There are 2 protein chains.
Amino acid sequence: MAIHKKEAFTQKEQDLAEFAKAIAHPARIAILKVLASRNECICGEIVEVLPLAQSTVSQHLKELKNAGLINGTIDGPRNCYCINWKAFEKFNTEFNILFDTLKVKNEKACC
Amino acid sequence: MAIHKKEAFTQKEQDLAEFAKAIAHPARIAILKVLASRNECICGEIVEVLPLAQSTVSQHLKELKNAGLINGTIDGPRNCYCINWKAFEKFNTEFNILFDTLKVKNEKACC
DNA sequence: TCGTTTAATCGTATATTTGCGATATAAAAT
DNA sequence: ATTTTATATCGCAAATATACGATTAAACGA
């Protein structure tokens, strides 16, 4: 892969792809569910619930944070994570827009 | 990565992750748009529109097909591709379910 | 039958992802 | 000040993904 071609596409396409990539792993979907299932923001409890090592969970959290899907605030020796609803809603909307766009453009199926 | 841990998660989580992975590349989003933009099923025209080599587009199409998002029927020397609306709708629904699930569980944000 | 056209596949190179153990860091508690 | 606790990060190994050119295959037309 000499050159990355991602830049050749729309910013929206890139953003949406990045979001999809963030949730493109069952572990990260599971992490989001754990985060949502507790009203207070949990951190290391995820490790107890999931069948993954602490370092692996930490890495997944980092990716989710990089994608902007979760927030993290330092709270003593522990870190408080929670879902970034603003970003989440935004991407949910973007997704639906994509779906609708495809649907509108393609009224009749062909094969 | 000695062992794959994907099997350790829910089937729904795996399915959703696989779908997300399929659209986790701007090229594939663009391909879906091209497919939807034509009423008749196009194939090699994608290569003309996208800044990618023929083999690369073929590979992306294969991944989309493996994920079940598009159908392909042989039509002479050319291949007819189009969006699999059934699968697409299903995943759209699954996505919204995930979003709603997260939302319901987490009434009040914390950070 | 032979060439043309279209698409898939092969081979290759490189980048990224995934996972873990080990180590480092940073705040709280003793 | 030192220990404990919770996380992040480093280093490594292996798997996947990405991209391309070259080759193969398959069907149509001359």
Side-chain angles (χ1 to χ4, degrees), chain A residues 1-9 13-14 17-31 34-35 40-67 70-82 111, chain B residues 1-9 13-14 17-31 34-35 40-67 70-82 111:
Chain A
M1 193 170 59
I3 307 150
H4 275 262
K5 287 292 182 74
K6 290 184 180 175
E7 320 81 42
F9 298 93
E13 286 167 352
Q14 288 182 56
E18 201 194 1
F19 166 64
K21 206 175 191 177
I23 58 172
H25 196 288
R28 289 195 286 271
I29 294 177
I31 286 173
V34 174
L35 284 177
E40 84 276 20
C41 304
I42 284 91
C43 182
E45 288 171 310
I46 299 166
V47 178
E48 289 176 28
V49 178
L50 300 191
L52 295 170
Q54 180 266 321
S55 55
T56 306
V57 171
S58 187
Q59 222 172 328
H60 281 305
L61 283 168
K62 193 183 177 185
E63 283 168 66
L64 286 170
K65 201 176 176 186
N66 283 343
I70 63 174
N71 293 322
T73 51
I74 301 153
D75 178 28
R78 76 207 75 215
N79 262 14
C80 168
Y81 282 108
C82 61
C111 54
Chain B
M1 193 171 58
I3 308 150
H4 275 262
K5 287 293 183 76
K6 289 184 180 176
E7 321 82 42
F9 298 93
E13 286 167 353
Q14 289 182 56
E18 201 194 359
F19 166 64
K21 206 176 193 178
I23 58 172
H25 197 288
R28 289 195 285 270
I29 295 178
I31 286 174
V34 174
L35 283 177
E40 83 276 17
C41 303
I42 284 89
C43 181
E45 288 172 310
I46 299 166
V47 179
E48 289 176 28
V49 177
L50 300 190
L52 296 170
Q54 181 265 320
S55 55
T56 306
V57 172
S58 187
Q59 223 171 329
H60 282 305
L61 283 168
K62 193 183 176 185
E63 283 169 65
L64 286 170
K65 201 176 175 185
N66 283 343
I70 62 174
N71 293 323
T73 50
I74 300 153
D75 178 27
R78 75 207 73 216
N79 262 14
C80 168
Y81 281 109
C82 61
C111 55

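First the proteins, then the strands, lettered A, B, ... as listed; each starts at 1. Being a predicted model, the structure only gives us computed values, none of them experimental.
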From CG (B:L61) to CG (B:N79), nearest 0.5 Å: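 Rounded to the nearest 0.5 Å, the CG-CG separation comes out at 9.0 Å.
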Closest nucleotide among [options] to the [X] side chain:
X: A:S58; options: D:dT7, C:dA8, C:dT18; result: D:dT7
X: A:A53; options: C:dC20, D:dA8, D:dT18; result: C:dC20
X: A:K21; options: C:dT16, D:dG21, C:dC20; result: C:dT16
X: B:Q59; options: D:dT18, D:dA8, C:dT9; result: D:dT18

Could you tell me how far apart [X] ([atom1]) and [N] ([atom2]) are, to the nearest whole angstrom?
X: A:L61; N: C:dT17; atom1: CG; atom2: P; answer: 16 Å
X: B:L64; N: C:dA7; atom1: CG; atom2: C1'; answer: 16 Å
X: B:H60; N: C:dA8; atom1: NE2; atom2: P; answer: 13 Å
X: A:K65; N: D:dA8; atom1: NZ; atom2: C1'; answer: 10 Å
X: A:F9; N: D:dA19; atom1: CZ; atom2: P; answer: 7 Å
X: A:N79; N: D:dT9; atom1: CG; atom2: C1'; answer: 13 Å
X: A:E63; N: C:dT18; atom1: CD; atom2: P; answer: 5 Å
X: B:L52; N: D:dG21; atom1: CG; atom2: P; answer: 11 Å

Side chain B:Q54 and base C:dA8 donor-acceptor under 3.5 Å: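 In this structure, the two groups form a donor-acceptor pair.
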Contact under 4.0 Å: B:K5 side-chain N or O vs C:dC20 OP1/OP2: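 For C:dC20, OP1 or OP2 has a side-chain N or O of B:K5 closer than 4.0 Å.
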OP1 or OP2 of D:dA6 under 4.0 Å from side-chain N/O of A:Y81: no
DNA chain D: 5'-proximal contact among B:K6 and B:S55 (nearest heavy atom):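 Looking at DNA chain D, the more 5' nearest nucleotide goes with B:K6.
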Minimum-distance pair of heavy atoms, taken over all atoms of B:K5 and A:P51: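 Minimum heavy-atom contact is NZ-O, 3.1 Å.
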Sequence neighbours excluded - salt bridge (Lys or Arg N to Asp or Glu O under 4.0 Å) pairs with any residue from residues 46-61 of chain B: none
Ring geometry between A:H25 and A:H60 (parallel below 30°, tilted from 30 to 60°, perpendicular above 60°):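 Because their plane-to-plane angle lies in the 30° to 60° range, the rings of A:H60 and A:H25 count as tilted.
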Residue that, paired with B:I31, satisfies side chain to side chain contact (heavy atoms under 4.5 Å, CB included) out of B:L64, B:V49, B:I70: B:L64
